[in-house]
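Please read the structure below before turning to the comments.
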Amino acid sequence: MFFFSQFSQLSEDILTASTIIHERRNSLAPINRLPLDVLCLIPTHLASPSDRLQVTFVCRHWRRTFLQYAVLWSKLYLTGVTDQLHMKTLLERAKGSPLDITADYYMTPIPDDVTLVSPFARQIRSLDLKHTFSANIQGLSTAISGPLPLLHTLKIGSRGHLDAFDPPVVPTLPLFEGAANLKNFVLNIDDRPSLRQFTFPNLTTLDFSTSTEEFSISQLLHFLEASPALRQIWMEITTGLFHKDVPSERVVVLSDVNTFCLQITNHGPSCEIETHISCPFAKHVELARTLEWAENRVPEDAYPTSISWNTIARQYTKGTVDRVVLDMMDKGYSSDCSVTFRSPDGTVLKLCCTRCTSGEEFDMGVNWETRQPVVLSQALRTIRDHPLLASVKHLCIKGGCLSIDELELATEGVGRLFESMGPLENLTLNGSDLRPYLDAFFDNPRFPEAIQPTSFPPIKELVVVYPMMLFHEEATYEAAIVELARSQDARGMPLESVKFYTEAPLLLIDELAAFVGTVEYHDHSPINCTDFCV
């Protein structure tokens with residue numbers, strides 16, 4: 001018995017000595033000679049919680065180091081089937097560190113694991129609710145009620161209500177009211193809750209998107225008005241009906257906003273929410289509208305031509321505007337057109353319109369070519385009516401293949417535009433139908449009163465990128481380009497440079513050389529076709 005006891009003690013001593021030797025040898029390994037703050041960065045690059053857990057079993061040194069690094073365990077992922085013991089272990093290891101919580105309750109009501117987090121509500125730094133039903137949002141808000149001093153970011157992806165046959169749950173007001181210091185709010189909802197349920201006075205960033213049958217303008221304006229510290233706003237609203245429940249003169253002014261992007265898709269009467277929101281010092285503004293009309297026409301107020309859109313163009317471009325880009329694109333079932341104003345100080349205003357073709361129209365052969373002259377004319381009018389047009393130095397027009405029978409409207413719009421412009425540093429026609437621009441220089445102009453050679457301002461550089469033209473009329477276009485150069489030279493304001501990014505014949509280049517300072521031909525597209533104008 002004595003011998004066995006002595007042998008056991010000896011074995012333990014040998015094991016202890018061996019462990020000490022191994023630990024000593026392990027500590028001399030280059031990887032373990034890293035400072036602890038550097039070593040702790042290794043598991044932070046592992047996205048999976050299980051991977052972060054596995055690195056604790058590499059060696060005792062790593063395990064001791066990582067278990068003491070509370071930040072490593074501060075990211076929690078709740079799914080409704082999360083192991084309760086595992087969750088308790090992570091919360092214990094996180095200690096007092098700020099918590100980043102992701103909850104994904106796709107097809108389950110609010111589970112019990114939220115109750116484990118409730119005592120740590122004051123430590124929550126970010127909360128991301130994925131695929132969350134309205135009832136769960138209410139439950140989560142109640143579970144972590146009280147002060148949320150560290151909550152900086154809140155993301156909610158709502159899927160309406162849990163049972164499609166039950167009436168939706170209307171949350172009590174307000175939700176997450178303890179988040180007085182919230183800075184970033186992302187809300188993507190199909191239905192309730194609306195913005196009425198949230199009040200965050202110190203919010204700086206809003207990313208809001210919704211797809212709903214009805215939308216109230218007043219609730220949006222009320223939320224914005226209660227968030228005076230906002231600096232960045234992205235909103236995407238898809239609805240069949242806008243409740244115009246505010247007077248036309250009501251405007252919410254957000255003086256701190258530097259980025260404002262609003263996209264509206266509505267399948268009913270149009271409503272210009274942007275007229276009720278003013279961001280006077282914004283540097284980047286994008287306003288987009290997607291509409292669908294059952295009849296084969298383009299309403300006069302469909303694109304930025306109504307008084308309100310032109311007013312907005314003036315509001316956000318009060319300084320000098322030196323660059324304008326008009327971009328048109330046909331996507332089959334939809335037609336896009338945008339006008340971008342850019343100022344020397346970096347201020348950008350982009351007005352966009354997408355016209356969706358109904359299935360019936362598509363079957364009837366109603367295509368972009370039959371609508372584009374009207375849209376082009378409206379877009380040109382928005383540019384032409386801008387009070388700072390004379391200061392524009394760079395004009396880029398992209399896209400535009402026009403119907404042969406409907407060129408007059410486009411040609412007239414081009415003529416009036418050029419008559420309103422001052423000297424241009426650059427005019428770029430990128431993938432554009434050249435007929436509205438060259439009609440005055442054809443041997444037999446189709447619309448001689450719509451545009452005259454004298455309509456063109458002085459142009460230093462003309463850039464033509466893959467023009468849209470009928471192949472059998474190619475020689476006619478080439479002759480018209482030469483006549484344009486000849487006319488500008490005769491008026492004492494010759495083109496200094498002409499650049500072709502197309503298959504321009506050498507004969508055309510030789511003829512232009514007599515009237516143009518330099519002529520360049522490239523058989524490939526420029527790396528960025530907007531370099532010339534943007």
Practice problem: With side-chain contact (heavy atoms from CB on, under 4.5 Å) as the test, would you mind laying out the steps for T205 and R231 before giving the verdict? | Solution: CA-CA 6 Å; T205 301; R231 294 182 60 81; 5.9 Å; no
Quiz item: Given N184 and H152, is the side chain to side chain donor-acceptor pair (under 3.5 Å) satisfied, shown in steps?
Solution: CA-CA 6 Å; N184 307 309; H152 185 276; 3.3 Å; yes
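The aromatic rings of F200 and F185 sit perpendicular to each other, their planes meeting at more than 60°, with 30° as the lower class boundary. F208 and F215 have tilted rings, their planes meeting at an angle from 30° to 60° on a 0 to 90° scale.
Using modelled atom types, one side-chain atom of T142 and one backbone atom of Q138 make a donor-acceptor pair closer than 3.5 Å. With hydrogens and angles disregarded, a donor-acceptor distance shorter than 3.5 Å links the side chain of H276 to the backbone of R250. A donor-acceptor pair under 3.5 Å links the side-chain atoms of S118 to the main chain of A143, judged by distance alone.
A salt bridge links D327 with K398: at least one charged nitrogen is closer than 4.0 Å to a carboxylate oxygen. E92 and K88 are not joined by a salt bridge, as no carboxylate oxygen comes within less than 4.0 angstrom of a charged side-chain nitrogen.
Within a 6.0 Å sphere centred on CD of E249, other residues, nucleotides and ligands contribute more than 12 heavy atoms.
Between Y437 and L427 there is no side-chain heavy-atom pair separated by less than 4.5 Å.
For the side chain to side chain contact (heavy atoms under 4.5 Å, CB included) criterion with I233, the lone passing option out of V285, L262, L224, I277 is L224.
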